[in-house]
Amino acid sequence: MAGSHDAPLRSLDAPLEVGPDDWKGKDFYHLMTSLVIPRPIGWMSTISASGVRNLAPYSYFNLMGSDPFYLAFGSTSIKDTVTNLREVPEFVANIVSMHVLEEMNFTSGNFPRDEDEYQWAGLTPVPSAKVRPPRVGEARAHLECEMVQIVTDRNTHIVLGRIVHAHVDPSVWKDGRVDPRLLDPVCRLSGSGYASLGELYNVDRPEWKNVQGTQVREAMPRIKKR
Ligand SMILES: Cc1cc2nc3c(=O)[nH]c(=O)nc-3n(C[C@H](O)[C@H](O)[C@H](O)COP(=O)(O)O)c2cc1C
């Protein structure tokens, strides 16, 4: 079986079957982060009890619910973001557009806890509406959150936050909604890889009333290029 090798093979002549403990080092991590793509990035603003700002990107990040609205992100080990959240349980998930990719990446550096990543990256802290950590002025959208829980399993810390406020810059708003092209979100791949949006498509949602009584695949909504 391909998974019985203790490292990835250069090429596969059969499907890869592998578990998290089969390979040594970071190989399974690289497999996971190359399979779950593209990932959005939550550029997390937090603040310490003494008021030191912190900013760091997290791509183990997504919207988790809409009644109420939840998002989650995962920290591998206790980083400054998690330490701050234990002191001040509020954060802002700043949305990362392509024009701030380099700044976002710079803030992932291992800056000491008392260093302010906003200053190092030349970013503007702007007051938030309902939470104490400021948001990134250069970002085009921001989700303010109250932290509800941190779920910890060994070295994985999953932060659950309830969204309490959203800011959207007029520059990304068109015809009553966010235009994905204008938002121009950074998509995280694995390692140092990133992508921007490619082709955009629409596919209607299926409705049972249109499906019942039809043949296999006949009522399947089709891809439409935007
Ligand atoms: C695009 C990007 C996404 C990242 N995503 C995560 C992540 O989801 N979880 C994590 O633990 N670290 C992630 N990192 C690494 C952290 O940003 C990095 O460890 C940072 O120093 C943490 O900062 P903090 O100690 O101020 O919280 C990511 C880095 C980059 C560049």
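Quantities reported herein were computed from a predicted structural model and do not represent experimental measurements. Both counts, for ligands and for their atoms, begin at 1 and track the order of listing.
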Worksheet entry | Contact residues of ligand 1, where a non-hydrogen atom lies under 4.0 Å away |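 Lining ligand 1: Ile41, Asn54, Ala56, Pro57, Tyr58, Ser59, Tyr60, Gly74, Ser75, Thr76, Lys79, Asp80, Thr81, Met104, Asn105, Ser108, Gly109, Glu117, Arg188, Tyr194.
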
Worksheet item: Which residue pairs pass the side chain to side chain donor-acceptor pair (under 3.5 Å) test with at least one member in residues 120-129, sequence neighbours excluded?
Response: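 Sorted pair list: Glu115-Trp120, Thr124-Glu138.
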
Worksheet item: Is the closest side-chain donor-acceptor distance between Asn54 and Arg113 under 3.5 Å?
Response: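 Not at all, the side chains of Asn54 and Arg113 share no donor-acceptor pair under 3.5 Å.
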
Item to complete: Sort out for me which residue in Phe61, Tyr60, Phe91 forms a ring-ring contact (aromatic ring centres under 6.0 Å, His included) with Phe73.
Response: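 Output: one option passes, namely Phe91.
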
Worksheet item: Could you give all pairs that pass the ring-ring contact (aromatic ring centres under 6.0 Å, His included) test and reach residues 173-212, with sequence neighbours left out?
Response: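 Residue pairs with at least one partner in residues 173-212: there are none.
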
Worksheet item: Can you name the residues that form a salt bridge (charged side-chain N to carboxylate O under 4.0 Å, His left out) with Asp184, not counting sequence neighbours?
Response: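 Per chain and number, Asp184 pairs via salt bridge (charged side-chain N to carboxylate O under 4.0 Å, His left out) with no residue.
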
Item to complete: List the steps, then state whether side chain to side chain donor-acceptor pair (under 3.5 Å) holds for Ser45 with Tyr118.
Response: CA-CA 10 Å; Ser45 304; Tyr118 285 85; 3.0 Å; yes

